[in-house]
**Student:** 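Below is the structure I would like to discuss, written out as structure tokens.
So you know, we letter chains A, B, ... as the sequences are listed, proteins then strands, and number each from 1.
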Amino acid sequence: MKKELAKNYDFKSVEDRLYTNWLEKKYFHAEADETKKPFTIVIPPPNVTGQLHMGHALDNTMQDILIRAKKMQGYNALWVPGCDHASISTELKIVEALAEEGKTKEDLGREGYLERAWQWKETYGGRILNQLQKIGCACDWDRERFTMDEGLSDAVLEVFVRMYDEGKIYRGEKLINWCPNCQTSISDAEVDHEEKEGSLWHLCYVIDGTQEKLCFATTRPETMLGDTALAVNPKDERYAAFVGKTVTVPVVNRKIPVIADDYVDMEFGTGIVKITPGHDPNDYEVGLRHNLPVINIMNDDGTMNENAGKYNGFTSKDCRAAIVREFDSLGLFVKKEELKHSVGVHERCGEVIEPLIRKQWFVKMAELAKPAIDVYLNKELNIVPPRFGKIYLNWLNNIKDWCISRQLWWGHRIPAYFCEKCGKITVSKTAPEKCVHCGSENLKQDEDVLDTWFSSALWPFSTLGWPKETPEMKYFYPTDVLVTGYDIIFFWVIRMVFSGLHHTGQKPFKDVLFHGIIRDAQGRKMSKSLGNGIDPLEVIEKYGADALRISLIMGTSPGNDSRFKWEKMDASRNFLNKIWNSARFILMFDSENIKGDEANLTSADKWILSKVNNLALEVTENLNNYELGLAVTKIYNFLWDEFCDWYIEMVKPRLYNEDDDTKAAAIATLKTVLTNSMKLLHPFMPFITEEVYTSVLSGESIMISQWPFYNEALKSEKEETEIELVKSAVKNIRNIRAEKNVAPSKKIEAVIVSEDAQIRDTFTRSENFFKTLANAFNLTVPEKFDICGDEYVSFVIDGAVVYLPLAGLVDIEKELQRAEKEKEKLLQEIKRAEGKLKNEGFLAKAPQKLIDEETEKLEKYKAMLEKTDEQLNALRR
RNA sequence: GGGCGCAUAGCUCAGCUGGGAGAGCGCCUGCCUUACAAGCAGGAUGUCGGAGGUUCGAGUCCUUCUGCGCCCACCA
């Protein structure tokens, strides 16, 4: 009884079933095991309440490919999954949900709010991890982690306390980026710069004791309320006389000095700058140099505060308009110009960032950055593609202290306790009973939480149990490769590197593999606002995970963006179907009592075995170099072109002939080649390869099967040449058939003439190929063949001339043209080869292998030319 | 201002350390051939953005220009 399979591959009946089986068999689980070599990846943790998007699909497909390949290659492969609490994003969502109920987080209080947040996390959290399972990810789900779970929180506290004790974490009052919408400070990395249309107002202050005005240009008139100086360039002769004098800021009637500072660009505006140290980073620096007072004029929500005098409570927008009107009425308004300038916005919510002074916690970066720079310069950290190394270095070389405190509730609360008595700080992992400075028991914990990235920075080792000395830490750390998008180099990658180096003394990973962004069909970024996003789950629903995976990987190169196109999905589906049908075909002949010896291999068998062996070599190498797109393209071409279009067609006559004594060998070869190519393909398309492996090839699971490494013994150079020769003859015959409009169903004869006994032998043995592949029968292979003229169409191949008796279809003129064209081509080839071989530079410097190849080719073409000439002569007779 | 990427067939893109230009889709022709019409066979299409240079040899390396895109910094 032969097994029957559906004609078309039905991924829907396969994917979930296989994934469940893998889970049940615990194939994804890894334990520390000193007898095997570890291979470790930690997942870039998605936001706990996030939804899967194309970026995740690509990122995790790449990791899954590496994990599955390494596992088959004998490594003890561990992929640690988990989620990030995503402090700001999650808090935004919860606050939004509360708002719909007409509540604020203050209404609930800190405790009530956190309860609500955890509920939210329980409801929506993990959803994204289930979505990863749909893609086929071989994560060790037993080791799932969350940045706010007990172990990881402990790591966060440990790091904070250590770094505080080392003086690497400090609290300071500095100008920070403030998001009035989220009402929290954010780090420099979280500020996006957008080009916006704005205005440049020219306004003036009056010099004290005179009627003279000094006019300046500003894009933010309302900040004049916080001005504490006017500045000019020290080299600017126009204003040299005014330096040292004072002017009065109207509205608030404050006398401020005119100072000289290099910061001022003489060419821009009027050459005079108002200095607002409390609300501008550059002005802040100027203020430090000149000991200027700092005035904060803004509330947390971005409205004006009491320092704004009568504008107290105004929004900045209203305040700006009012100020401009007031200057106008005072005769201090000159003009308003249009100006394009960039505005800092919060990358999470899009709100315009207000720089302002706040007391915050910072990580001192200079010393931490150094080892991270060295580890890259010493080539101990390998960045792929290498160009991203420059971005990495550039950021580290210009690094500023990292603002890590956030005025939020969802996150790791800062373990710092203020003494109400002496005002000093006690930092401790657990709530201290007394102030370490004065012994008072009146302590209050800092209200702020830590930047999400503070905990993500520890992810590669906190997930393995650090700070405890766990077996996992010892065995799986440092991890092998980090796979992520280039858009989070600053947020995450760099912070993991310096954190890993500082806390564990080792780099957190050996390699970093960056990928690009998946754009829409027009090349635009997928975004919620454009509504052009494509849901990977929808794609999986329609085409299956394998098809999605291959579409994301094939034809792409590391670090480059790519476009999602549905047509590409069709192509991938077709490939799946092709594989499925080749397997189905093999199954048709796979029965228990087949005649013949499996070892009775023909040239074709040896040829395809040699080919797949070579494929294993290349794919293994490509994988090691992270050339995933190249690797899978090679497998695709091998399976479709070589295996299906040539080999399977070649073995058909043997399979359909019950008496053929090489039938068993053919089936064995088919199965070997299918097995090996499925194994090579498995990391890329885990489901169909497993389905073929288990249902057609009767294996237990391809996941735990052995990788087909290159085996020198399987190399068959002679057979490769032989089959290639046959292929070229067949192709030529097909070509002529098409040209002469000989119906595919019409049988023709063929005569192959060669003086070379070995070649004659090859073709004699290949008679069946000509029947099945070219519908050419009665093949004769003489040493000499003189009949020519209008009875035959002929062509020359390497070492032989092929004659096709096509009486009635032969047009001598056209045959002459064909032969002339062929001759022309050969002459060109000969010229090219001779050119190289007569070039002394080439002979002296080119590798010997290349010279030999060219020499061989030259001889071959010369022989073919000779035959072509004979052909021409015969035609002209 | 500094840096990076892209420019290759009509479209989307590969091309791994320099050694005879490729794929998918689309297009044309012929085939429902007993694995697959989601298929088979055959075919057409490229000044590899322009200009220099290095080299025996350049799509690949260097310089420069043009166009598009991105990142960082600055922007009174």
Side-chain angles (χ1 to χ4, degrees), chain A residues 5 7-9 193 195 198 200-202 216-220 223 231 263-265 268-276 280-283 339-343 385 387-388 390-391 394-395 398 486-487 489-490 516-517 521 523 554-563 565 567-568 570-589 618 621-622 625-627 629-631 633 636-637 644-645 648-649 652 656 731 734-739 741-745 772-775 829 832-833 835-836 839-847 849-850 853-854 857:
Chain A
L5 292 178
K7 203 168 170 182
N8 286 346
Y9 176 62
H193 294 278
E195 279 290 316
L200 185 67
W201 284 271
H202 287 244
F216 53 87
T218 178
T219 54
R220 306 186 58 195
T223 61
Y263 158 66
V264 181
D265 178 356
F268 191 93
T270 62
I272 303 179
V273 185
K274 63 189 267 311
I275 299 298
T276 323
D280 181 278
N282 290 303
D283 292 6
L339 180 76
K340 232 186 184 173
H341 64 134
S342 89
V343 178
R387 65 187 136 96
F388 291 109
K390 285 188 186 173
I391 297 173
N394 185 51
W395 171 267
N398 296 293
Y486 59 71
D487 47 335
I489 295 180
F490 311 130
I517 293 167
M554 198 152 75
T556 63
S557 61
N560 282 8
D561 293 354
S562 61
R563 302 184 189 198
K565 293 199 158 194
E567 300 88 82
K568 211 169 172 180
D570 286 336
S572 298
R573 179 202 53 197
N574 294 353
F575 179 45
L576 285 165
N577 205 46
K578 189 73 185 174
I579 291 170
W580 185 246
N581 277 290
S582 67
R584 206 161 69 94
F585 174 76
I586 292 170
L587 195 65
M588 280 170 50
F589 299 97
E618 293 189 28
E621 243 175 61
N622 286 142
N625 297 327
Y626 300 117
E627 293 153 354
L630 276 181
T633 305
Y636 179 98
N637 289 332
C644 290
D645 289 348
I648 288 186
E649 294 307 322
K652 275 182 181 174
Y656 284 116
K731 274 190 200 171
R734 285 170 171 174
N735 182 312
I736 284 164
R737 292 186 69 116
E739 196 181 298
N741 285 321
V742 179
S745 55
T772 36
L773 303 175
N775 209 8
E829 294 295 346
R832 193 191 55 78
K836 277 197 169 179
N839 183 330
E840 282 179 30
F842 180 78
L843 291 173
K845 292 179 182 172
K849 193 183 161 209
L850 213 69
E853 276 172 18
E854 285 300 329
K857 280 183 205 167

**Student:** Quick check: on RNA chain B, is the nucleotide nearest A:G841 upstream (toward 5') of the one nearest A:N735, or the reverse? Name the residue that is more 5'.
**Tutor:**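 Between the two, 5'-proximity favours A:N735.
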**Student:** Looking only at the side chain of A:F842 (C-beta and beyond, no hydrogens), which of the listed nucleotides B:rC4, B:rG19, B:rC31 gets closest?
**Tutor:**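 In terms of side-chain proximity for A:F842, the closest of B:rC4, B:rG19, B:rC31 is B:rG19.
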**Student:** On RNA chain B, nearest-nucleotide positions of A:L843 versus A:I586: which is more 5'?
**Tutor:**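 First, find each residue's nearest nucleotide; the 5'-ward one identifies A:I586.
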**Student:** Within this structure, what is the CZ-to-P distance between A:R584 and B:rU34, rounded to whole angstrom?
**Tutor:**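 Distance, rounded to whole Å: 12 Å.
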**Student:** Could you let me know what B:rU17 is paired to, Watson-Crick or G-U wobble, both distances under 3.5 Å, or none if it's on its own?
**Tutor:**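 Partner of B:rU17: none found under 3.5 Å.
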**Student:** Please determine, for the side chain of A:E649, which listed nucleotide (B:rG42, B:rC36, B:rU12) has the closest atom?
**Tutor:**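 The answer is B:rC36, which lies nearest to the side chain.
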**Student:** Taking the side chain as every heavy atom from C-beta outward, state whether A:F268 and A:V273 have any pair of such atoms under 4.5 Å apart.
**Tutor:**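 A:F268 does not reach A:V273 side chain to side chain.
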**Student:** Rounded to whole angstroms, how far apart are CG on A:D570 and P on B:rU12?
**Tutor:**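 To the nearest whole Å, that distance equals 18 Å.
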**Student:** Separation of A:N574 atom CG from B:rA37 atom P, in whole Å?
**Tutor:**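 Atom CG in A:N574 sits about 11 Å away from atom P in B:rA37.
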**Student:** Is there a donor on the side chain of A:N622 or the base of B:rC16 sitting less than 3.5 Å from an acceptor on the other?
**Tutor:**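 Yes, the side chain and the base share a sub-3.5 Å donor-acceptor pair.
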**Student:** Would you say the side chain of A:K578 and the base of B:rC36 hold a donor-acceptor pair, judged only by whether the two atoms sit under 3.5 Å apart?
**Tutor:**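 Donor-acceptor pair under 3.5 Å: yes.
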**Student:** Pick base, sugar-phosphate or nothing for A:N560, based on heavy-atom distances below 4.0 Å to the nucleic acid.
**Tutor:**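 Sugar-phosphate: the residue A:N560, judged by heavy atoms under 4.0 Å, touches backbone atoms but no base.
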